[in-house]
Amino acid sequence: MLKTRKDFQNEDEYRKYTKSGDFLCQYVWKGKSRDQIIYDMALPNYEQEHLDEAMKNCDILNEHLGVELDRMILYLIDKNAPEDDFDPDEVLYIERNEY
């Protein structure tokens, strides 16, 4: 059975719980509103930005567990992240004396 906010002393403890396997593997989001999912899963703003697309993709795949939705949100965050401007030719190497 899923725990609720009432089972925790503060919001931070509840947020940690919502990222646990215990919560994510039991939570079913199908049939819930966007606002209810945000509340239940204690989604931070940066995850909320990808929630609609994640719900759509998971629904197409018939994946309605919290763990699947969480994984899709994280995938979309990574997919939409700006490209890294790392250029190995710009790396400065420092010679060090080995002891």
Side-chain angles (χ1 to χ4, degrees):
M1 186 162 135
L2 288 174
K3 296 178 182 178
T4 66
R5 280 177 168 79
K6 294 176 185 177
D7 297 310
F8 298 90
Q9 291 186 8
N10 57 52
E11 186 69 13
D12 280 344
E13 287 182 17
Y14 179 73
R15 284 181 190 271
K16 289 177 188 174
Y17 168 68
T18 63
K19 289 298 184 183
S20 72
D22 186 40
F23 175 84
L24 291 172
C25 290
Q26 293 183 63
Y27 183 73
V28 179
W29 60 269
K30 185 175 183 172
K32 296 185 179 181
S33 71
R34 181 181 197 281
D35 289 339
Q36 186 64 49
I37 294 167
I38 290 169
Y39 180 76
D40 292 346
M41 293 183 71
L43 295 177
N45 291 338
Y46 69 92
E47 290 185 1
Q48 292 176 32
E49 294 173 20
H50 302 281
L51 180 58
D52 294 329
E53 186 177 357
M55 290 171 64
K56 179 182 170 189
N57 292 344
C58 283
D59 204 32
I60 290 169
L61 298 169
N62 199 30
E63 296 179 344
H64 299 104
L65 290 177
V67 68
E68 296 158 335
L69 184 61
D70 186 64
R71 183 178 59 229
M72 183 63 72
I73 289 170
L74 296 177
Y75 166 77
L76 292 170
I77 289 170
D78 186 51
K79 177 181 159 198
N80 295 317
E83 286 294 319
D84 189 356
D85 291 337
F86 177 76
D87 183 352
D89 295 328
E90 294 178 356
V91 175
L92 297 176
Y93 295 93
I94 300 173
E95 286 188 37
R96 294 184 184 194
N97 294 330
E98 305 239 351
Y99 295 99

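Note: hydrogens, waters and symmetry copies are ignored here, and every other heavy atom, side chains too, is used.
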Original post:
Taking all non-hydrogen atoms of both residues, which atom of Tyr27 and which atom of Gln36 are closest, and how far apart?
Top reply: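 Closest heavy-atom pair between Tyr27 and Gln36: OH-O, 4.2 Å.
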Original post:
If you take all heavy atoms of Leu69 and Cys58, which pair is closest and at what distance?
Top reply: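 Minimum heavy-atom contact is CA-SG, 3.9 Å.
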Only counting residues at least two apart or in another chain, list the ones meeting side-chain contact (heavy atoms from CB on, under 4.5 Å) with [X].
| X | result |
| --- | --- |
| Ile60 | Lys56 |
| Lys30 | Val28, His64 |
| Phe8 | Lys3, Glu13, Tyr14, Tyr17 |

With [X] via side chain to side chain donor-acceptor pair (under 3.5 Å) - residues at least two apart:
| X | value |
| --- | --- |
| Gln9 | none |
| Arg15 | none |
| Asp78 | none |
| Glu53 | none |

Original post:
Other than Tyr39, which residues form its hydrophobic cluster under the rule that side-chain heavy atoms must be closer than 4.5 Å?
Top reply: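 The other cluster members (ILVMFWY side chains, heavy atoms under 4.5 Å, direct or chained): none.
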**OP:** Give the cluster check for Tyr75 versus Met55: same hydrophobic cluster or not, with ILVMFWY residues linked at side-chain heavy-atom distances below 4.5 Å.
**Re:**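 Tyr75 and Met55: separate clusters.
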Original post:
Between Met72 and Ile77, is there a shared hydrophobic cluster once you connect ILVMFWY residues whose side-chain heavy atoms come closer than 4.5 Å?
Top reply: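 No: no chain of side-chain contacts under 4.5 Å links Met72 to Ile77.
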Using residues 43-51 as the side-chain source, report each donor-acceptor pair under 3.5 Å to any protein atom, sequence neighbours left out, with the distance given to one decimal.
residue : atom : partner : partner atom : Å
Glu47   : OE1  : Lys19   : NZ           : 3.1
Glu47   : OE2  : Lys19   : NZ           : 3.0
Gln48   : NE2  : Leu43   : O            : 2.7

**OP:** Let me see the working for Asn57 and Leu76 under side chain to side chain contact (heavy atoms under 4.5 Å, CB included), right down to the final yes or no.
**Re:** CA-CA 10 Å; Asn57 292 344; Leu76 292 170; 4.2 Å; yes
Gap separating the [atom1] atom of [X] from the [atom2] atom of [Y], nearest 0.5 angstrom:
| X | Y | atom1 | atom2 | result |
| --- | --- | --- | --- | --- |
| Leu65 | Asp70 | CG | CG | 11.5 Å |
| Ser20 | Gln26 | OG | CD | 8.5 Å |
| Met41 | Phe23 | CE | CZ | 5.5 Å |
| Asp59 | Asn62 | CG | CG | 7.5 Å |

